[in-house]
2 protein chains.
Amino acid sequence: MPMPSPKDPAIAAKAALDPANFALANCIRALSIDAVNAANSGHPGAPMGMADAAAVLFRNHLKFDAKHPDWPDRDRFVLSNGHASMLLYSLLHLTGYEDMTIEQIRNFRQWGAITAGHPEYGHAKGIETTTGPLGQGLATAVGMALAERRLAAEFGEDLVDHRTWVFVGDGCLQEGIGQEAASLAGHLGLGRLIVLYDDNSITIDGPTSVSFSEDVPARFAALGWHVQSCDGHDGMALDAAITAAKAETARPSLIAMKTVIGFGSPNKAGSYAVHGAPLGKDEAALTKAAIGWTHEPFAIPEDLLAQWREIGQRGARERAAWQARLAAKPADIRAEFERRLSGALPDGYEPALLAAREALFAQPKKAATRKASQMALEALAPALPEMIGGSADLTGSNLTRVAAVDSQYAREAPGRYIGYGVREFGMAAAMNGLNLHGGFIAYGGTFLVFSDYARNAIRLSALMGVGTIYVMTHDSIGLGEDGPTHQPIEHLASLRAIPNLTVLRPADTVETLEAWDIAIRNRHVPSLLALSRQDVPQLRLEAGDENLTAKGAYVIRQFGETRDVTLIATGTEVALAVEAAEALHADGLSVAVVSMPSWELFDAQSDAYRDEVLGTAPRIAIEAAGKFGWTRHVASEEDVIGMTGFGASAPIDRLYKEFGITKEAIVERAKALAGR
Amino acid sequence: MPMPSPKDPAIAAKAALDPANFALANCIRALSIDAVNAANSGHPGAPMGMADAAAVLFRNHLKFDAKHPDWPDRDRFVLSNGHASMLLYSLLHLTGYEDMTIEQIRNFRQWGAITAGHPEYGHAKGIETTTGPLGQGLATAVGMALAERRLAAEFGEDLVDHRTWVFVGDGCLQEGIGQEAASLAGHLGLGRLIVLYDDNSITIDGPTSVSFSEDVPARFAALGWHVQSCDGHDGMALDAAITAAKAETARPSLIAMKTVIGFGSPNKAGSYAVHGAPLGKDEAALTKAAIGWTHEPFAIPEDLLAQWREIGQRGARERAAWQARLAAKPADIRAEFERRLSGALPDGYEPALLAAREALFAQPKKAATRKASQMALEALAPALPEMIGGSADLTGSNLTRVAAVDSQYAREAPGRYIGYGVREFGMAAAMNGLNLHGGFIAYGGTFLVFSDYARNAIRLSALMGVGTIYVMTHDSIGLGEDGPTHQPIEHLASLRAIPNLTVLRPADTVETLEAWDIAIRNRHVPSLLALSRQDVPQLRLEAGDENLTAKGAYVIRQFGETRDVTLIATGTEVALAVEAAEALHADGLSVAVVSMPSWELFDAQSDAYRDEVLGTAPRIAIEAAGKFGWTRHVASEEDVIGMTGFGASAPIDRLYKEFGITKEAIVERAKALAGR
């Protein structure tokens with residue numbers, strides 16, 4: 001069936017530049033218009049504007065096989081401007097991803113559909129990461145590109161040889177995280193990262209001239225990128241630019257595509273009105289006429305659908321060849337490659353863990369938990385080639401670098417340790433990308449207070465169910481002189497409030513090792529380790545293989561036969577609670593000290609276990625942090641020995657004393673509660 | 001007393017470029033070395049490297065009068081790389097700020113001293129903003145420059161004619177917020193913003209080549225900045241660059257100063273070892289010898305101190321002239337200028353507020369609270385010329401724009417509405433800067449979920465005690481189809497956990513107006529308004545002048561004489577609680593409904609009032625958000641009708657039903673608690 005010509009002469013002129021591509025792009029435009037109209041909510045403008053570029057990319061360049069969406073060597077495609085979700089859903093449907101049926105497209109933004117307002121990782125194959133919070137798609141894609149390069153270095157380019165493609169809008173480039181990601185990618189010369197910038201001159205508040213007038217190509221050139229500009233509706237020009245970007249291997253590529261948002265809409269194209277609202281029935285009809293689309297809503301003519309399905313199978317042969325190469329590998333290499341991609345831990349892990357435990361019990365150590373973390377890494381990382389570390393420029397403070405993870409990830413060679421620079425948010429998102437790619441367990445460090453900077457990426461780890469490991473040191477006023485800007489107060493509470501995130505605040509070397517074990521095994525839940533600057537004694541001295549931290553809380557000391565009071569503490573305050581309990585016991589009270597390294601893990605235990613640990617005696621909580629939230633475990637915030645405001649700059653001992661986080665304060669409150 | 005020559009030939013060569021400036025800079029270096037050594041903690045490297053530039057700036061350019069640090073027309077000096085705090089403290093001491101005594105310098109980083117590890121706003125005059133969290137000083141300074149330009153347009157350049165100077169390090173430029181700020185400043189052509197970049201090629205993890213290799217001058221040029229480079233230890237070159245930067249009025253200026261971190265230290269200069277650790281006694285002695293400093297620790301020779309004190313008085317005549325110009329102004333203009341700077345509200349405010357209240361009671365309205373917020377702004381802003389608004393590119397969603405605050409802040413003319421672009425963090429920090437500058441009440445909007453992006457600037461508002469107003473709309477799953485990336489869950493809890501922040505989630509038009517009244521009056525506490533996308537009925541119908549929201553919580557409905565159960569709700573869920581209470585009452589129960597728009601304000605009430613409101617009957621809390629923290633007010637999280645995980649993409653009614661936030665669920669739990 002021949003395609004009717006576009007009625008609008010300007011559109012017809014664009015269509016004439018590459019009629020085949022234009023026709024394929026119209027399928028995306030039509031589906032996007034129809035789905036947003038049906039949902040009566042959504043963002044039609046961006047899919048309409050980027051449809052031509054998407055068609056070129058999928059037709060001619062993207063390496064994928066729609067029938068095998070988990071093929072490890074597929075190119076990764078990230079829609080960083082996630083509000084354009086219908087672009088992605090259209091592509092997945094058209095190219096024949098099995099779960100992306102026309103019914104799902106019809107149910108765009110409805111309960112239970114896999115076609116959420118913004119692409120949600122895990123909802124459908126082909127959604128490589130959750131996007132919507134702007135800039136993060138780009139930063140996550142940087143992590144994927146980091147992963148590809150490292151994995152290729154480990155297993156060879158005959159197994160790992162793919163690109164990461166990113167569509168970004170103005171918002172992604174206005175967000176600071178976009179800059180962090182672009183700066184890091186330029187620095188490391190990630191030549192297989194190719195970004196297509198939807199330069200449509202429109203944001204929600206109107207023309208970009210309201211807030212954004214920088215020379216984006218010049219900025220990216222300054223960051224060390226390969227930069228091109230082209231007409232985003234000219235299939236031939238797009239193809240040439242993408243081809244040139246692929247040829248450039250030493251630098252990441254930016255293609256700034258001049259596009260018209262809502263391309264095709266006679267009355268709304270080029271306006272913010274088409275960004276986040278349905279076209280409506282009338283304008284949809286006018287638009288379809290203008291672009292030469294004569295089909296029923298949600299209907300794709302057979303010839304075009306056939307072309308798209310062929311595109312979806314374009315990579316089948318390449319995939320088969322890859323599969324053959326994998327099959328031809330020596331069995332041990334193949335097995336290790338498959339293990340790495342599956343996320344299973346190697347056989348050597350368990351012995352390494354047990355040896356590390358035994359060493360701690362054999363020779364107990366007083367150490368800051370950040371140091372204990374480094375000890376745990378020293379012990380475990382040699383058994384885990386998938387671990388890839390880094391820090392947001394605080395390596396010597398976070399103690400995230402160990403012998404096995406010491407090779408610097410550099411432009412020249414992709415090592416196992418990434419200098420993320422002072423870019424906490426970019427680091428967190430990149431770690432998500434490393435984990436999403438497969439083959440890696442990414443961890444990275446900063447100060448706990450700067451979890452603030454990275455917060456929405458931590459949230460996305462949790463929302464996606466990705467096991468990123470956050471190593472957050474200097475976890476209280478215990479950091480001392482750097483003062484209140486660097487002292488976390490509300491952070492533990494605000495992180496515990498995030499669903500599906502495991503926050504761990506270990507008390508000593510043993511709990512820290514156990515926390516790492518939990519984090520490493522948790523490939524579908526992110527873990528955040530809150531670690532101290534200051535030394536703590538080793539409290540766990542009785543040898544045994546059970547990971548008590550995994551229970552979330554347990555009785556670490558019992559003084560006396562019964563309980564007059566229960567002291568619940570976390571991290572560095574467990575030792576303080578033990579001291580207080582000794583003093584109380586000397587005064588004739590029976591006291592249980594509960595170490596509670598993780599609220600979330602404790603919540604997951606049986607009621608019976610929880611009741612047994614917490615007991616029925618009055619309880620006091622001790623934590624050098626804000627009191628908010630502790631009423632989950634104690635009767636009132638008056639029973640919390642903690643902080644009520646911000647910290648201060650002074651040596652640590654003075655701070656604990658001035659803020660009343662002392663043995664004496666615990667003893668006094670305990671006696672009051674116990675009626676002594 | 002003649003200055004001894006530096007022993008080190010390379011240093012001597014630098015000194016010879018501008019001997020007078022070098023000698024003054026040495027005072028900063030010596031004090032910084034001594035204070036960090038005495039504290040045995042701190043960052044000597046950056047003050048030593050930037051001392052020459054600071055000396056040039058204070059000697060020849062900065063407009064200030066150390067004896068009148070509150071002079072409104074002073075230049076603002078922001079040390080964005082706040083770890084270099086000893087640079088600032090040295091300058092304040094040397095130029096004669098009264099509170100910055102040598103005792104304070106000696107007590108650097110000690111309890112009770114005003115010389116905290118990082119500069120803390122409010123500790124001492126001359127500290128214009130708290131810095132330390134990197135990049136934020138620059139973004140806050142952009143707000144100050146925005147304020148200067150707007151205030152000059154309102155009151156004339158004979159009263160408002162000053163510059164904003166910022167020292168930044170590599171970290172500030174690696175952080176995304178630094179880019180956001182620079183991009184906005186370039187866009188708006190803030191010609192009176194001058195940034196001196198301490199380009200020392202070192203970050204904590206080692207040389208910047210580990211993580212940072214972009215062409216910074218080229219990046220800033222791409223952002224529309226005026227860019228220069230110079231030797232940061234050559235006083236003459238620095239002076240010339242600063243002079244040229246001042247002459248450029250249409251673009252902000254960046255001066256990239258090539259410096260040596262720890263300049264002068266024979267064994268540590270140019271190394272990360274001097275970034276964040278004391279030189280130690282021996283290296284301090286070697287350094288002093290190398291730079292030709294022969295004085296006792298903390299001692300400044302008389303002649304140099306006299307020169308510095310003269311510098312501190314350099315602006316005295318200019319200030320007197322300014323004072324005379326102010327005095328010569330018509331009384332009403334002078335009074336208004338002084339009122340604006342003092343932060344006092346105008347006489348017209350109270351009548352405007354009362355009229356707005358009366359209008360709501362006269363004609364109750366069903367409206368989304370974001371719409372109610374716009375109505376409040378429409379009513380109040382005409383009386384408050386100091387209000388300056390904006391949004392991070394969500395104006396039409398946040399409803400932050402009103403007739404009185406409609407003029408766009410543009411390059412050509414500084415209006416009252418700022419298009420911050422998709423830069424939530426940069427917006428928040430800029431608002432802090434607008435408020436810190438004086439003369440303005442800054443407010444700005446985004447979606448509540450994206451408070452994540454801005455979080456550390458919200459924290460700094462609270463830490464500094466600055467009354468920034470955050471307008472956060474789409475405050476629950478009630479936003480519907482955009483889905484879980486856009487639906488706040490943990491955000492209310494995580495914001496309530498921040499000390500000194502007032503979180504307000506109003507239930508209807510009246511509470512929203514009251515919330516705005518609280519926020520506007522709170523010039524020393526930041527306020528965050530959580531506002532709905534969806535409509536709610538007006539629940540407050542009884543006319544009266546008392547701001548009930550200011551009590552934090554109050555009984556908004558009472559069904560029956562006694563209480564079988566108390567329903568506590570916030571925001572959009574108050575109407576739901578009222579519906580449930582009606583149903584319960586129909587079934588014979590007595591029920592009180594408590595609206596709790598602000599936990600913080602409720603906490604500040606008397607015990608008697610709190611007990612009266614909460615009552616002794618079983619309580620249920622209803623909030624379409626995570627349950628974390630609610631045990632402060634109810635017995636267990638089982639008594640919270642709220643969210644236990646992330647949201648989903650679907651129409652609003654479906655979401656409330658699927659997540660069990662329904663009248664039926666409330667009724668069921670209430671009956672169970674009341675034993676029915």
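Order of the sequence lines fixes the chain letters, A, B, ..., with proteins taken first and strands second; residue numbering starts at 1 for each chain.
Among Ala181(B), Ser636(B), Ala497(B), the residue making the largest number of heavy-atom pairs under 4.5 Å with chain A is Ala497(B). Contact count against chain A (heavy-atom pairs under 4.5 Å) is highest for Asp393(B) among Asp393(B), Thr395(B), Thr644(B). Highest contact tally toward chain A, considering only Gly421(B), Ala218(B), Ser213(B), Gly426(B), is held by Ser213(B) [criterion: heavy-atom pairs under 4.5 Å]. Here Pro133(B) is the residue among Pro133(B), Ala493(B), Gly419(B) with the most heavy-atom pairs under 4.5 Å with chain A. Heavy-atom pairs under 4.5 Å with chain B peak, among Trp111(A), Tyr272(A), Phe450(A), at Trp111(A). Highest contact tally toward chain B, considering only Gly112(A), Gly629(A), Gly176(A), is held by Gly176(A) [criterion: heavy-atom pairs under 4.5 Å]. Counting heavy-atom pairs closer than 4.5 Å to chain B, the top residue among Ser209(A), Gly276(A), Gly626(A), Gly224(A) is Ser209(A). The candidate from Gly171(A), Gly396(A), Gly483(A), Ala39(A) with the greatest count of non-hydrogen atom pairs under 4.5 Å with chain B is Gly171(A). Of the listed residues (Arg411(A), Gln136(A), His83(A)), the greatest number of heavy-atom pairs within a distance under 4.5 Å of chain B belongs to Gln136(A). If you tally non-hydrogen atom pairs under 4.5 Å between each of Pro651(A), Ala457(A), Ala635(A) and chain B, the highest count goes to Pro651(A). Across Leu394(B), Leu184(B), Ile177(B), the residue that shares the most heavy-atom pairs under 4.5 angstrom with chain A is Leu394(B).
The backbone N or O of Gly117(A) sits less than 3.5 Å from a side-chain atom of Ser649(B), completing a donor-acceptor pair.
Taking a 6.0 Å sphere around OH of Tyr656(B), one finds it holds more than 12 heavy atoms contributed by other residues, nucleotides or ligands.
At least one side-chain heavy atom of His43(B) sits under 4.5 Å from a side-chain heavy atom of Asp482(A). Within the 4.5 Å cutoff, side-chain heavy atoms of Ile489(B) are placed close to those of Pro499(A). Residues Glu175(A) and Arg423(B) form no side-chain contact, since every pair of their non-hydrogen atoms from C-beta on lies 4.5 Å or further apart. Counting heavy atoms from C-beta on, the side chains of Val422(B) and Asp170(A) never come closer than 4.5 Å. Contact check for Val210(B) versus His187(A): no side-chain heavy atoms found under the 4.5 Å cut-off. The shortest side-chain heavy-atom distance between Glu637(B) and Arg632(A) falls under the 4.5 Å cut-off.
Residue contact with chain A, scored on non-hydrogen atoms closer than 4.5 Å, is absent for His633(B). For Ala462(A), the parts lying under 4.5 angstrom from a heavy atom of chain B are both the backbone and the side chain. Looking at Thr131(A), only its backbone comes within 4.5 Å of chain B, counting heavy atoms on both sides. Contact annotation for Thr130(B): only side-chain heavy atoms (C-beta onward) come within less than 4.5 Å of a heavy atom of chain A. Looking at Leu460(B), only its side chain comes within 4.5 Å of chain A, counting heavy atoms on both sides. Interface remark: Gln110(B) contributes backbone and side-chain atoms alike to the contact with chain A (heavy atom separation under 4.5 Å). Contact annotation for Pro488(B): only backbone heavy atoms (N, CA, C, O) come within less than 4.5 Å of a heavy atom of chain A. Using a 4.5 Å cut-off between heavy atoms, Phe212(B) touches chain A through backbone and side chain atoms alike. Neither the backbone nor the side chain of Val216(B) has a heavy atom closer than 4.5 Å to any heavy atom of chain A. There is no contact between Ser397(B) and chain A, counting heavy-atom distances below 4.5 Å. Contacts of Arg496(B) with chain A are made by both backbone and side-chain atoms, with heavy-atom separations under 4.5 Å. Ser41(B) touches chain A through its side chain: at least one heavy atom from C-beta onward sits under 4.5 Å away, while N, CA, C and O do not.
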Item to complete: Kindly determine whether Arg455(B) and Asn456(A) satisfy side chain to side chain contact (heavy atoms under 4.5 Å, CB included), including the steps that lead there.
Response: CA-CA 10 Å; Arg455(B) 190 168 167 87; Asn456(A) 202 260; over 6 Å; no
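Going from atom CG of Leu173(B) over to atom CD of Gln179(A) covers 9.5 Å, rounded to the nearest 0.5 Å. In this structure, CZ in Arg109(B) is found 6.0 Å from CD in Glu481(A), a value given to the nearest 0.5 Å. Distance check, rounded to the nearest 0.5 Å: CD of Gln408(B) to OG of Ser211(A) gives 8.5 Å. Within the model, atoms CD of Glu214(B) and CH2 of Trp225(A) stand 12.5 Å from one another, a figure rounded to the nearest 0.5 Å.
Using a 4.0 Å cut-off between a side-chain N of Lys or Arg and a carboxylate O of Asp or Glu, Arg459(A) and Glu490(B) qualify as a salt bridge.
Smallest separation of non-hydrogen atoms from Thr631(A) and Thr631(B): OG1-OG1, 2.8 Å. For the pair Thr485(B) and Leu463(A), the tightest heavy-atom approach, listed with the atom from each and the gap, is CG2-CD2, 3.9 Å.
Neither side chain, Ser494(B) nor Ser494(A), offers a donor N or O lying under 3.5 Å from an acceptor on the other. Checking Gln174(A) against Tyr420(B) by side-chain atom types alone, no donor-acceptor pair falls below 3.5 Å.
In summary, the aromatic rings of Tyr453(B) and Phe425(A) are positioned with their centroids under 6.0 Å apart.
Relative orientation of the His486(A) and His118(B) rings is parallel, given thresholds of 30° and 60° on the angle between their planes.
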